[in-house]
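Note: hydrogens, waters and symmetry copies are ignored here, and every other heavy atom, side chains too, is used. So that the names make sense, note that chain A is the first sequence line, chain B the second, and so on, each numbered from 1.
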Protein chains: 2
Amino acid sequence: MAVTIKDVAKKANVSISTVSRVINDSKPVSDEIKHRVLKVIEETGYTPNPVARSLVMKKSQLIGVVVPSISNFFIGEVLNGIEEIGKMYNYDILLCNTYGELNQELRYLNLLKSKQVEGIIFMTWELKEEHKEFFNKEDIPIVMINRDTSEFNITSVSIDHQKAAYEMTKYLIDKGHKKIALIRGRIENYVFGIDQYKGYAKAMEENNLEIDQRLIKNCEFKLELAYEAVQEMIEDDILPTAIFATADSMAFGAINSLIDSGYKVPEDVSVVGFHDIKLASIYRPKLTTIRQPLYDIGAVSIRAIVKKIKGEEIEENIFVLPHELIERDSCKSIK
Amino acid sequence: MAVTIKDVAKKANVSISTVSRVINDSKPVSDEIKHRVLKVIEETGYTPNPVARSLVMKKSQLIGVVVPSISNFFIGEVLNGIEEIGKMYNYDILLCNTYGELNQELRYLNLLKSKQVEGIIFMTWELKEEHKEFFNKEDIPIVMINRDTSEFNITSVSIDHQKAAYEMTKYLIDKGHKKIALIRGRIENYVFGIDQYKGYAKAMEENNLEIDQRLIKNCEFKLELAYEAVQEMIEDDILPTAIFATADSMAFGAINSLIDSGYKVPEDVSVVGFHDIKLASIYRPKLTTIRQPLYDIGAVSIRAIVKKIKGEEIEENIFVLPHELIERDSCKSIK
DNA sequence: TTGTACGCGTTATCAC
DNA sequence: GTGATAACGCGTACAA
C-alpha cells in the first residue's frame, strides 16, 4: 500500500495540515518541523496522490489531444511539441485517435470532458458543424491546429497557407514555368485549400499566366488520387512543366505517376510539395517543398491552452507561424 | 458547475447509493426507480466524475505509454493499436515521449507511477540496467515492445527476428546472391541485432557461403550511417550484389548512397529492408522488406497489460507475432 | 430493494 | 505557526 499524507504526519508527529503545507509551501512552517517532515517524506518515499488532489482542486492537470491519426509524420511531430512543452507546465497528455471519423471525434470530445481534462487540442481533416456545436456549448479551452477558424471564435494555430502557396507558385514562375498544375486537398470544411488556391491564383495572375482549370485537381491529400490525377493529365495530353502539390504525399503520388509512365523528375516535369515530411529529403529526387514549423505548432498550441486555463487573455486568437521554402532537387529551371 | 450524483439523487427522490447502483448496475434496483433515475440522468446530462471514482476504487483507468519518439512511423502504428484496443477496454493512454534519453525515461516511469497508472507499456532504443531495476522494484504491470527480455522476467511482444532475418537472407540467396552485406542496428542492450545476425549467419552457412566481416556494419538504425557504410564499401571496392538492412530507413540510406554514386537499384545492387514502413511502398524502386504486424504488436501489448491488471495469468511471457516477407522491386535475381 | 454513513487522500477554512 | 475538520464525488458495508 502506498504511503499517504496521514502516514507521514504520524511519523513526523505533526498534523496532516502541516505536511500539506510543507509539500505545497502554501503557508509558513517553522524550519525545524519543515525539516523533520521533509526527512520523513524522503525516508518513506511519499508522493502526493494526484487523484485525490485533483478531486479537491477540481483540476486534473490533463490536456486532451484528439488527432485523426498518430502514424502520420506531420501529426507526430506536432505531438512532440505538445508533449514536451506540456510536461514543462506539468500537464499530461490524454491521447485520442479518431481516424478522422466524425462519430469517434464527437465521442472522444465528450469522453475528454467527462475525464475532466482542462483543455483540448483538436485536429481533424474536416471541421464540421457538429464540432462547432460542441465547442460553443462547452466552455473548456480549445485550440485547433491547421484549420481555418477565422469565421468563428475558436483559437487556432497554423501557417499562412495563402502566402506559402503564393511563394511557391512564384518560385516556379521565376524558374520559367508557365503551365503549372495545382494538386490540392479538400477545399470545403474550413481547410486551407481555398487559401492555397488564392495564393496560387494571385501569383499566376500577377504574372499574366493563364489558369487552366483542367490542371487544378482535388485529391484529398491522398497519394493515390494524386497519382491518378497526373495519369489523367498524361492521357489528356495536358501535362504541364511543373506540378505544385499542397501536400508532400500528393507530390510523391505525382512523381511516382510520372516515373511509372517513363517521365523523369525534374528533367521532364518539376514537382514541388508542401509540408516537408521526413520522406521529402530521403526520396530521390529530394523534394522541394514548404516547411512548416511542426514542433512549434504543437508548442504554441499547448502554450495557448495553458494560458487559457490560467484565465490569462491571449493576445490573438489566430496564431500564424512562419514557414520556409526548402529548395531541393525536384524542380528545375527552364528559362 | 457540473451535476453530481447527489443532484441526480435529489431530483429522482432516491439516495445516492441507488443512483450509484443503477449506473454500475452493481446491485438490483426496482424497475420503476431505475427508469426514474435513468431519466433524470438523461435530463441532467450527468456523467460520473472519474476522478472521484478513481480515488475510491484506487483505479485510474489509465495506462502509461512511454516511447522514444512519436514522429516515427513504426511507433505511430503501434500506438494506433494500443490506443484503439485500450479504449475498447475503457482505458486511456497517458503518452510520454523520451527521445530515448535514459533520464527522461526514468523520470517518466516514476511520474507515471505517481499518477497511479495501472500499467505501463515501454519502448526504448536501449534497455539498460536502470530500467530493469525500476521494473523489478515496482510491481506494476509492464510490457516491453520489441526488446529481448528472455533473460529476465518482463513480458515482451515482438516478432521472431532471427527467423525473419534467416528468411530474408535465404530469399536473397535463392535469387542467386552470394556476396550479401548485412547492415544492422545496435547489438548490445537486448536489442535484436544479435538474433538478426544469427539468422543471417545461419542462412549463409547452410548454403556454404562465406561471411565477409567487412560487409557486416553496425549503423544504429540511422539512415546517414548506412549511407556512409555503403560509401565505404564502394571506396574499398567490396560492393556486394545484395545488401540486407535490418531497418528500412537504413535500406534507404544504402539505396541513396548507391544512387548518388551512380549505381542502379536493383540492376547493379539489390537492397532489402526490414519493417515495411510506409515509405517502403512509396519510394522508387519499391522496397522488398519484412513486414511486422505493427498494429497487432500494440494491440497484443495492451491486451497483455489489461490481463495483468485484472490479475489473470497470461499464458506466455514472450509474445512472438508473425511476420511476412513483402516482395517488391528492390531486389533482382542474378541467376 | 433501499437508505445511512463512512472512507478514499487531499486541500482549505477555521480556530487556537 | 499549528491542528482539527469540512469539503471534493463517489462506492459500498451495513442496517433497515
Give me the ring orientation class for F135(A) and F122(A): parallel if the planes are under 30° apart, tilted from 30 to 60°, perpendicular past 60°. perpendicular
Using modelled atom types only, decide if a donor and an acceptor are shared between the side chain of R147(A) and the backbone of W125(A) within a distance under 3.5 Å. yes
From the list dG9(D), dT10(C), dT2(D), which nucleotide is the closest neighbour of the side chain of R21(A)? dT2(D)
Return no unless some side-chain N or O of K58(B) is found under 4.0 Å from OP1 or OP2 of dG9(C). yes
Quick one: N24(A) CG to dG9(C) C1', roughly how many Å, whole number? 13 Å
Whole Å only: how far is the CD atom of Q61(A) from the P atom of dT10(C)? 16 Å
Kindly point out which of dG9(D), dT2(C), dT10(C) is positioned nearest to the side chain of N49(A)? dT10(C)
Side chain of A52(A): nearest nucleotide among dT1(C), dG7(C), dG9(C)? dG9(C)
Let me spell it out: for each of L55(B) and S15(B), pick the nucleotide of DNA chain C with the closest heavy atom. Which residue's pick is nearer the 5' end? S15(B)
Closer than 3.5 angstrom, by distance alone: can the side chain of Q61(B) be matched with the main-chain N or O of N90(B) as a donor-acceptor pair? yes
Mind checking S20(B) for me? I need base, sugar-phosphate or nothing, with any heavy atom below 4.0 Å counting as a touch. base
Which residue pairs satisfy the salt bridge (charged side-chain N to carboxylate O under 4.0 Å, His left out) criterion with at least one member in residues 73-98 of chain B, sequence neighbours excluded? K115(A)-D92(B), E83(B)-K87(B), K87(B)-D92(B)
Select base, sugar-phosphate, or nothing to describe what P48(B) touches, counting heavy atoms under 4.0 Å on all strands. sugar-phosphate
Let me know the distance between NZ of K6(A) and P of dC8(C), rounded to the nearest Å. 5 Å
I want to verify a distance call: between dT4(C), dG9(C), dT2(D), whose nearest atom is closest to the I33(A) side chain? dT2(D)
Which part of the nucleic acid, if any, lies within reach of V29(B) when heavy atoms closer than 4.0 Å are counted: base, sugar-phosphate only, or nothing? sugar-phosphate
Whole-Å distance between dG11(D) C1' and K27(B) NZ? 11 Å
Interatomic distance where NZ belongs to K10(B) and C1' belongs to dG9(D) [whole Å]: 14 Å
Give the rounded distance in Å between these two atoms: NZ of K34(B) and P of dG3(C). 15 Å
Does a side-chain N-to-carboxylate-O contact under 4.0 Å join K132(B) and E129(B)? yes
Please give, in whole Å, the distance from dG9(C) P to R53(B) CZ? 18 Å
Roughly, in whole Å, what's the span from CE in M57(B) to C1' in dA13(D)? 14 Å
Could you tell me whether S17(B) contacts a base, only the sugar-phosphate backbone, or nothing, with contacts defined as non-hydrogen atoms closer than 4.0 Å? base
Base, sugar-phosphate or nothing for V14(A)? Non-hydrogen atoms, less than 4.0 Å. sugar-phosphate
Both P50(B) and T18(A) contact DNA chain D. Taking the nearest nucleotide for each, which residue is further toward the 5' end? T18(A)
Consider the side chain of I16(A), meaning its heavy atoms from C-beta on, and name the nucleotide among dC10(D), dT2(D), dT11(C) that approaches it most closely. dT11(C)
Between the main-chain N or O of S60(A) and the side-chain N or O of R53(A), is there a donor-acceptor pair closer than 3.5 Å? no
Between dT10(C), dC10(D), dG3(D), which one does the side chain of I5(A) approach most closely? dT10(C)
